[in-house]
Number of protein chains: 2
Amino acid sequence: MPTAADSKVGPGSGRGGPRGRYAKSEEIRASILDAALEVFAQGGFRAGSLRLVAERVGMSEPGILHHFSSKTTLLEAVLERRDQLAQQFIPPKTVDGEASVRGLIDLARHNASTPGVVELYCTLSAEATSPDHPAHAYFVHRYEVTRGILLDAFADLERRDLLREGATPSGAATATIAMMDGLQIQWLLDRTVLDMAEELRRFLRGLTTIDV
Amino acid sequence: MPTAADSKVGPGSGRGGPRGRYAKSEEIRASILDAALEVFAQGGFRAGSLRLVAERVGMSEPGILHHFSSKTTLLEAVLERRDQLAQQFIPPKTVDGEASVRGLIDLARHNASTPGVVELYCTLSAEATSPDHPAHAYFVHRYEVTRGILLDAFADLERRDLLREGATPSGAATATIAMMDGLQIQWLLDRTVLDMAEELRRFLRGLTTIDV
DNA sequence: GTCTATAGTTAGATAGAC
DNA sequence: GTCTATCTAACTATAGAC
């Protein structure tokens with residue numbers, strides 16, 4: 001919870017230096033984004049308030065709005081930042097289907113260690129189903145991209161005859177995304193009853209013949 | 001995504017009126033519940049407002065609150081009513097696993113004809129992941145019940161040697177629920193890209209050897 | 001860069017007339 | 001059973017002092 005917004009003194013970037021790649025402003029923005037992620041994760045965007053974000057970060061509401069001009073802008077920045085971090089996990093341009101599938105299980109295992117992020121995406125993706133939601137376009141695009149990546153991965157596996165009989169790359173991509181999303185809901189409701197990575201692995205074993 | 005049912009209250013139970021099974025009050029309550037379903041479906045409970053419900057039903061906000069003492073009470077009544085209707089679809093006490101699995105596909109097909117209900121459960125189940133949400137206990141219980149029903153169904157199939165190798169009743173129950181939930185999210189985002197019933201059937205074919 | 005003060009909106013809920 | 005009027009509280013956002 002505490003996100004260390006307390007350090008008021010910037011290390012090397014003194015008053016004189018107009019420059020400085022690690023200006024204090026950037027640190028403050030980062031701590032605001034951390035707080036906003038937690039707030040939006042718990043109940044979604046519409047139910048989350050700037051007041052809660054401000055409280056968490058130890059600042060007033062106008063203080064937040066000095067760095068992000070509106071609540072919607074703040075949400076967009078949160079999503080953008082998570083995408084940057086997630087990109088390290090699955091390089092989008094892999095053509096090795098086997099590696100991609102293994103990466104999915106790693107991702108599921110990693111997600112289990114960051115419940116806040118899982119909560120954020122689970123809540124938001126359901127909320128953003130409404131066409132008038134500020135993150136609707138983001139999620140539509142996100143699912144398209146994800147589906148494309150998995151489609152390539154399963155197509156590669158099909159070429160190498162590693163897909164089980166009856167499975168198609170398209171169907172496998174859709175089903176895998178659905179499985180990951182659905183497991184997250186059950187996991188968020190009761191984290192003791194379910195191992196997301198393990199369940200996903202069993203699913204992928206039924207879908208492919210690779211040894212995951 | 002009505003997948004299970006439990007309900008304690010019958011339609012006309014407990015009303016003070018000495019006579020009149022079809023009192024006008026009951027009709028009004030029903031029309032309020034219809035409107036509330038649509039409002040809560042679009043963006044969840046927290047984002048939905050009594051004002052919108054009142055607008056839809058052609059009444060003032062206090063008019064609504066005369067029939068349901070609070071917004072939370074109204075939500076509970078909506079969920080209770082949906083459970084009553086869903087109960088007709090899958091009789092909870094079936095021991096025939098094959099019939100239950102076929103019932104799931106019928107249910108998915110039926111759901112595709114009532115997008116509002118799918119939206120309601122999809123949005124609410126994500127939102128109610130938070131322990132302080134008014135419907136949290138409801139959804140925890142609902143998932144327990146659903147899981148129990150599917151567990152019995154797949155256990156029956158296992159006894160009759162109709163589960164594929166590597167599948168367990170417990171894992172199959174969890175995975176099937178996850179698949180249904182996950183398909184709904186993708187379907188709500190873009191209803192043209194996905195046939196929920198068909199995808200579910202393909203999934204169940206990979207899980208069992210029955211001819212669904 | 002952060003604050004106080006406040007505008008302007010919307011929310012859920014209550015009181016009491018009809 | 002339904003309404004108008006009203007209360008209280010929370011929200012996003014802006015203006016302007018420091």
Side-chain angles (χ1 to χ4, degrees), chain A residues 3-11 13-20 22-33 35-36 39-40 42-78 127 132-135, chain B residues 15-20 22-33 35-36 39-40 42-78 127 130 132-135:
Chain A
T3 45
D6 303 31
S7 57
K8 295 244 171 190
V9 184
S13 60
R15 279 271 99 178
R19 202 165 283 276
Y22 296 96
K24 199 166 79 179
S25 182
E26 277 307 314
E27 292 175 27
I28 294 169
R29 285 172 59 95
S31 69
I32 292 174
L33 291 178
V39 170
F40 290 151
Q42 206 169 29
F45 170 71
R46 297 199 243 231
S49 69
L50 291 179
R51 191 188 126 264
L52 284 176
V53 176
E55 228 168 56
R56 261 193 155 78
V57 87
M59 194 184 272
S60 68
E61 293 165 59
I64 303 290
L65 290 173
H66 172 74
H67 296 275
F68 300 92
S69 58
S70 73
K71 189 189 178 187
T72 299
T73 304
L74 179 55
L75 173 66
E76 287 163 357
V78 168
E127 192 182 49
D132 61 335
H133 192 280
Chain B
R15 286 273 81 72
R19 80 187 57 240
Y22 297 95
K24 200 161 83 180
S25 182
E26 278 306 315
E27 291 175 26
I28 295 168
R29 285 172 59 97
S31 69
I32 292 174
L33 290 178
V39 170
F40 290 150
Q42 205 168 29
F45 171 70
R46 297 199 242 232
S49 70
L50 290 179
R51 190 189 127 265
L52 285 175
V53 177
E55 229 168 54
R56 261 195 156 76
V57 87
M59 194 183 273
S60 68
E61 291 165 63
I64 303 290
L65 290 173
H66 172 75
H67 295 276
F68 301 93
S69 58
S70 74
K71 190 188 179 190
T72 299
T73 304
L74 178 56
L75 174 65
E76 288 163 357
V78 169
E127 191 182 50
S130 287
D132 61 335
H133 193 282

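To find a chain, count down the sequence lines: A is the first, B the second, and so on, and within it residues start at 1. The structure displayed is predicted, hence computed values, not measured ones.
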message = Quick check on contacts: within residues 64-77 of chain B, what sits under 4.0 Å from DNA chain C by heavy-atom distance?
response =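 Within this stretch, B:L65, B:S70, B:K71 sit under 4.0 Å of the strand.
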message = Please classify the nucleic acid contact of B:S49 as base, sugar-phosphate, or nothing, using heavy-atom distances under 4.0 Å.
response =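 Touches sugar-phosphate only.
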Strictly under 3.5 Å: I want the nitrogen or oxygen pairs between protein and nucleotides 6-8 of chain C, one per line.
none

request  = State, with a plain yes or no, whether a side-chain heavy atom of B:L74 is found less than 4.5 Å away from one of B:L65.
outcome  = no
ask   = Is the closest side-chain heavy-atom distance between A:K71 and A:F40 below 4.5 Å?
value = yes
message = Without decimals, in angstroms, what is the distance between A:L50 CG and C:dT9 C1'?
response =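 So the CG-C1' distance, A:L50 to C:dT9, works out to 15 Å.
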inquiry  = Holding to side chain to side chain contact (heavy atoms under 4.5 Å, CB included), I want the full list of residues that pass it with A:A30, two or more places apart in sequence or in another chain.
reply    =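 Residues passing side chain to side chain contact (heavy atoms under 4.5 Å, CB included) with A:A30: A:R81.
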Point-to-point distance, once rounded to the nearest 0.5 Å, from CD1 of A:I32 to CZ of A:R29 =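 Here the rounded value is 8.0 Å.
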Contacts of B:E76 that satisfy salt bridge (Lys or Arg N to Asp or Glu O under 4.0 Å) - sequence neighbours left out =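 Once residues adjacent in sequence are excluded, B:E76 has no partner under the salt bridge (Lys or Arg N to Asp or Glu O under 4.0 Å) criterion.
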Partners meeting side chain to side chain donor-acceptor pair (under 3.5 Å) with B:S70 (sequence neighbours left out) =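 Scan of B:S70 (side chain to side chain donor-acceptor pair (under 3.5 Å), adjacent residues dropped) gives B:T73.
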Just distance, no hydrogens or angles: give the donor-acceptor pairs under 3.5 Å from side chains in residues 43-59 of chain B, sequence neighbours left out.
unit_1	atom_1	unit_2	atom_2	d
B:S49	OG	B:L52	N	3.2
B:R51	NH2	B:E55	OE2	3.3
B:R56	NE	B:E38	OE1	2.5
B:R56	NH2	B:E38	OE1	2.9

ask   = How would you give the extent of chain B contacts on DNA chain D, as first and last nucleotide 5' to 3' within a 4.0 Å heavy-atom cut-off?
value =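 Answer, 5' to 3': D:dG1 to D:dA5.
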ask   = Got a sec, which pairs hit ring pair (Phe, Tyr, Trp, His ring centres under 6.0 Å) with one end in residues 52-78 of chain A, sequence neighbours left out?
value =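 The answer is none; no pair qualifies.
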key: DNA chain D: 5'-proximal contact among A:E61 and B:G63 (nearest heavy atom)   = B:G63
